[in-house]
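Since the structure comes first, as structure tokens, the remarks are kept for the end.
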Amino acid sequence: MQPLAGIISAPIASSSNSWLITPNVGLTIWTLVVFAICLFILSKVAFPRIRKALDDRRLTISESIDAAQRTREEAERLLAEYRERLAEARQQAEQIVQRARQTAEAHAHEAQADVEARRQHLLEQTRREIEAETRRSIGQIRREVADLTVMATEKVTRRALTEEDQKRLVEDALAELDFETLTGGVR
Amino acid sequence: MSAIATTSPAAPAPRAPAAHEPPANPEAAKRRRRRILWGVTLIWIIGFVVFGAAFGLKGHKNNKFEFIQPYHLETWAHIAGPIDFNKGVLYLLIAAALTVGLTVWVAYRMQRRPGRVQMIVEWMYDLSMRLSRDNIENPQMALRWFPVIFTLFVFILFTNLIGYIPLPINTGDTFKLFGAQIPAFQIYAADTNVALPLVLALGVFIAYNAVGLKAQGVRGYLKSLIPQGVGGKMLIFIFPLEVISHFLRLLSLTIRLWANLLAGHLLIDFMAGAMAVLLGLQLIGWLTLPIGVAIYLFEWVLIAGLQAFIFAILTAIYLGGATSRH
């Protein structure tokens, strides 16, 4: 079997195949003309449009980046402002709560004092009313005791008593009664 | 109970995953890939056995077959003088139409939110602009030469990419289909003929030298060829070497593109069947076919773009170097 290199090189090296390494004149001219036409058309028609479109896009992207940067800065500024205001609001809220708490406490104290005063006043009033009622009741009891004493004495003695006797009898009877427990010392 | 009956009509239909979404189950995808790989390997092994059994292992060398013949430019139509119309010109025109068509089409439909095609063109535009600006110090110069760098990059890229699509253009070898003589399918790129890379490289060579001469004057430009720190008698050796190296740039630009593309195409041809025809051994064709596919993918995915990029970046470097004083 002929070596591989020999198989390949034999047809190329033969003089009949010198066309392989000889430039084809026609193709040379064709290449020159066709390439020149391509270059001309692309330079005149395609590249300016592509360049313009890419420049426009670059400009748009640049503007978009700038706008995004501005928006971000604005957002950061707003966020900082918002945070500042939030902190202020929190502070104010705490102050309000503190004041409200103080006011509530003051009101509670005031109300408590008021209730206490009113209670004392009511107690006093009640006490006075009780005393007055007690006095009135004692007076009535005295009168009834006097009347009963007189009536009982007249029935026992079967005669009418003089005013002076009545007075003495009533006083003696009343003297025997202990009103201390009813009046608590009040006469 | 049937499967249909068990399915509730109110139940939502399973959503088909979009193309860009990762597979729901990576393990299942992995298993699927493995199954495909094993399937292909099995087919290849069966084919190997079948080919071996059917055609045997004994070959008979084919002396008539010239596998480089499809790269010969046969004249399809004569135009004038040395100017013909052939497959090289056809591919050149297709590449030019794609370069201009795609770029102009996108340029007229530039959207603020680009689609895929626009993104590709913008990527190529951006890459060329960066190549120009990064390598040419003077911003005005960079902007002036950007169109050349872009056009070179895209034009060579399309020339290379379409060069890997098999098309019926081999008029030197035909086959019959329903009684009609159809040219055989082949892969061909316009830059597999040395003319195209040479013209482009020559254009770059002339351009960067002209730019250098204009920017620095004859004396200044010649002085700029001498590396810093070299003087005295060393100049006698260094200066000619530097001048030769500049001319070698022309050759290297040409040969790099041409040889890469031609060698790639020949390798693909060779591995995909040409060697089998040459040796008259069918089994070899089946044996080397996976290698041919691998080279094909490698060339199309990597080499096509890489060579275009190298040509464009070297153009930018040469232009930048010609205008800067070292």
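In what follows, every chain begins at residue 1, and chains take the letters A, B, ... in the order their sequences are listed. Just so it is clear, the structure is predicted and the values come from calculations on it, not from any experiment. We use all heavy atoms of the structure for the numbers below, so side chains are in, but hydrogens, waters and symmetry mates are not.
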Taken to the nearest 0.5 Å, the spacing of Ser128(B) OG from Phe309(B) CZ works out to 9.5 Å

Do Phe153(B) and Phe311(B) have their ring centres less than 6.0 Å from each other?
-> no

Structural part of Ala95(B) lying under 4.5 Å from a heavy atom of chain A | neither

Whatever's closer than 4.5 Å to a heavy atom in chain A on Trp105(B) counts as neither

Drop me the distance from Asp56(A)'s CG to Thr60(A)'s OG1, to the nearest 0.5 angstrom.
-> 6.0 Å

For the residue pair Tyr208(B) and Phe205(B), does the interplanar ring angle fall in the parallel (under 30°), tilted (30 to 60°) or perpendicular (over 60°) class?
-> perpendicular

Would you give the length of the straight line joining atom CD of Gln186(B) to atom CD of Gln69(B), rounded to the nearest 0.5 angstrom?
-> 10.5 Å

Part of Tyr71(B) within contact of chain A (heavy atom distance under 4.5 Å) = both

Which bit of Ile50(A) comes within less than 4.5 Å of chain B, counting heavy atoms only: side chain, backbone, both or neither?
-> both

So what's closer than 4.5 Å to chain A heavy atoms on Leu198(B): side chain, backbone, both or neither?
-> side chain

Cut-off 4.5 Å, heavy atoms of chain A, and the answer for Val121(B) is side chain

Is any side-chain N of the basic residue among Arg168(A) and Glu164(A) closer than 4.0 Å to the acidic one's carboxylate O?
-> no

Answer with side chain, backbone, both or neither: which region of Gln111(B) has an atom nearer than 4.5 Å to a non-hydrogen atom of chain A?
-> backbone

Distance, nearest 0.5 Å, that separates CD of Glu88(A) from CD of Glu81(A) = 9.5 Å

Do you know which of Thr99(B), Asn86(B), Leu200(B), Thr254(B) has the most heavy-atom pairs with chain A at a distance under 4.5 angstrom?
-> Leu200(B)

Arg112(B), Met110(B), His72(B): which one forms the most heavy-atom pairs within less than 4.5 Å of chain A?
-> His72(B)

Is the number of heavy atoms from other residues, nucleotides or ligands under 6.0 Å of Gln140(B) CD greater than 12?
-> no

Using a strict 4.0 Å threshold on nitrogen-to-oxygen distance, state whether Lys52(A) and Asp55(A) make a salt bridge.
-> no

Count the heavy-atom pairs under 4.5 Å between each of Val45(A), Ile29(A), Asn24(A), Thr22(A) and chain B, then report the option with the highest count.
-> Asn24(A)

Residue part contacting chain A, namely of Leu93(B), when any heavy atom lies under 4.5 Å | side chain

Go through the atoms of Leu39(A) and report whether side chain, backbone, both or neither lie under 4.5 Å from a heavy atom of chain B.
-> both

Just give me the residue among Leu54(A), Ile41(A), Ile37(A), Val25(A) that pairs up with chain B most often, heavy atom to heavy atom, under 4.5 Å.
-> Leu54(A)

